[in-house]
Protein chains: 2
Amino acid sequence: MGKLKVPKNGNRKDLIVKAGAALFREKGFGAASMRDLAENLGIEAASLYNHIRSKNEILESVCFNVANRFNLHLDEIETGTLSPIKKIETILRFHIQQMIDNYEEVMVSDREWKHLDEPYRSNFHTQRRNYRKRLATIIEDGIKKGEIKKIDAPTAVVILLHSVTGIESWHRSTAKISGAELEDNMVMIMIDGLRSK
Amino acid sequence: MGKLKVPKNGNRKDLIVKAGAALFREKGFGAASMRDLAENLGIEAASLYNHIRSKNEILESVCFNVANRFNLHLDEIETGTLSPIKKIETILRFHIQQMIDNYEEVMVSDREWKHLDEPYRSNFHTQRRNYRKRLATIIEDGIKKGEIKKIDAPTAVVILLHSVTGIESWHRSTAKISGAELEDNMVMIMIDGLRSK
DNA sequence: CCTACCGATCGGTAGG
DNA sequence: CCTACCGATCGGTAGG
């Protein structure tokens, strides 16, 4: 038998970041303590610092992991040949899927990014603004083509994005509908709301 | 000249609660300190405690002031004779107005209520659930009457409510549209999204 | 990964 | 409304 490598190296940090996302979502970044986090992982607080440099670094990992995922997806969609309204629908469905599969990271990056230290905070803020501008451009394109009703595009973007965070409460609700039903309900409401009649 | 009464009595607490709402919105409840708050008001931290009992009491005031306002408005609408879709539109417009006039308190009550001490936290949570249930009932009524498309009512409620919090970014944006335009844009998207075709 | 500990800051109180 | 101060807890480090 060949020697079994034990590569769990970067792995420990990923575990801490994941547990950090869960804790930050539950308590908020400011109210979450490193001692809490360590206890959730079954180790002492001091031991965390063998894998991460600071509490803020955990937040950085969460925020930029999420931002990268959304930026990459938008890159794909933007250069595609879908109609503007179909592009928006695809992006909306991606946001919903991310919230279903990954909602603790997504919520933390959405709500707690302001606690990022500089220069990360400014960097993240810029990425966020650019992402929204690119969505607004797609919507304006759809208005020009007559597919989307004449609305203020930046307003439509914030409504669209914030409506998705409503899914948070779906996660812990009892007697819930399936993820696919949830997605279709959201698309029915939001895309019909945008579409010109 | 009659003596000028100086009644600024309950007034001092209101001032602290208002400044608290602004600070809690900006930093989050956990990361906001009483020393910060005192500095914003031009006094020492210890002096705050002549007007309030605790940091948590400020949060209680903010959350229950907001909850009372929304509950009272819903009481009025619920017993009125408007059609279901018109009721939802009126409630949506009220939420938007509250966000425009009063957004720091509204945002804090929405985001930070989980930091409430018991029994306030449970009380608030129950009120929140009941409010959403009452909205869902109106939507279900609208579906039965054929005014609203066949969607999952609780899902529609969370989408509706969360879409309004998107207005937050409108507040500090430059080159912004007017409050009335914002309101009409939101109603166009969300109410058309709900309406059966 | 742990024990032991640091300086800073927290919410809040005593006493005037 | 202030000065002075409390015990608790925080993020993080030293040293092994």
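Within every chain, numbering begins at 1; the chains are lettered A, B, ... in the order of the sequence lines, protein sequences first and strands thereafter. Source: prediction; values computed, not measured.
- Using a 4.0 Å cut-off, some side-chain N or O of Ser47(A) falls inside it from OP1 or OP2 of dC2(C).
- Rounded to whole Å, atom P of dC10(C) lies 13 Å from atom CG of Leu48(B).
- Of the charged side-chain nitrogens involved, none lies within less than 4.0 Å of a carboxylate oxygen, so that Asp110(A) and Arg25(A) do not count as a salt-bridged pair.
- Counting to the nearest Å, the P atom of dG12(C) and the CD atom of Glu57(B) are 10 Å from each other.
- At a threshold of 4.5 Å between non-hydrogen side-chain atoms, the residues His95(A) and Val106(A) do not count as touching.
- Using a 4.0 Å cut-off between a side-chain N of Lys or Arg and a carboxylate O of Asp or Glu, Lys144(A) and Asp141(A) do not qualify as a salt bridge.
- The interatomic distance linking Leu37(B) (CG) with dT9(C) (P) rounds to 18 Å, in whole Å.
- Of the two residues near DNA chain C, Ala46(B) and Asn50(A), the one whose nearest nucleotide lies more 5' is Asn50(A).
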For residues 61-72 of chain A, run the donor-acceptor check on the side chains, cut-off 3.5 Å, and write out each pair with its distance to 0.1 Å, sequence neighbours left out.
unit_1   : atom_1 : unit_2    : atom_2 : d
Ser61(A) : OG     : Glu57(A)  : O      : 3.3
Asn65(A) : ND2    : Ser61(A)  : O      : 3.1
Asn68(A) : ND2    : Phe64(A)  : O      : 3.1
Arg69(A) : NH1    : Gln98(A)  : OE1    : 2.8
Asn71(A) : ND2    : Ala67(A)  : O      : 3.2
Asn71(A) : ND2    : Gln127(A) : OE1    : 2.9

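- With respect to Lys87(A) and Glu147(A), no salt bridge is recorded, no charged nitrogen being found less than 4.0 Å from a carboxylate O.
- Within residues 23-35 of chain A, the residues that have a heavy atom under 4.0 Å from DNA chain D are, in order of number, Ala32(A), Ser33(A), Met34(A), Arg35(A).
- Here dC2(C) presents its P atom at 6 Å from CD1 of Ile43(A), a figure rounded to the nearest Å.
- Rounded to whole Å, atom C1' of dG12(C) lies 12 Å from atom NZ of Lys55(B).
- Note: CD1 (Ile16(B)) to C1' (dC1(D)) measures 11 Å, nearest angstrom.
- Between Glu168(A) and Arg111(A) there is a salt bridge, since a side-chain N of the basic residue sits under 4.0 Å from a carboxylate O of the acidic one.
- One finds a salt bridge joining Arg93(A) and Asp184(A) here, because a Lys/Arg side-chain nitrogen approaches an Asp/Glu carboxylate oxygen to under 4.0 Å.
- Remark: Lys55(A) qualifies as a cation-pi partner of Phe29(A) under the 6.0 Å distance and 45° angle criteria applied to the six-membered ring.
- Per the geometry, OH belonging to Tyr49(B) stands 11 Å off P belonging to dC10(C), to the nearest Å.
- Contact check for Met34(A) versus Ile58(A): side-chain heavy atoms found under the 4.5 Å cut-off.
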Where does DNA chain C pair, written as one dot-bracket string 5' to 3', with Watson-Crick or G-U pairs under 3.5 Å, ( ) inside the strand, [ ] for crossing pairs and | for another strand?
||||||||||||||||
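- When the P atom of dG11(D) is taken as reference, atom CD of Glu39(A) falls 13 Å away, rounded to whole Å.
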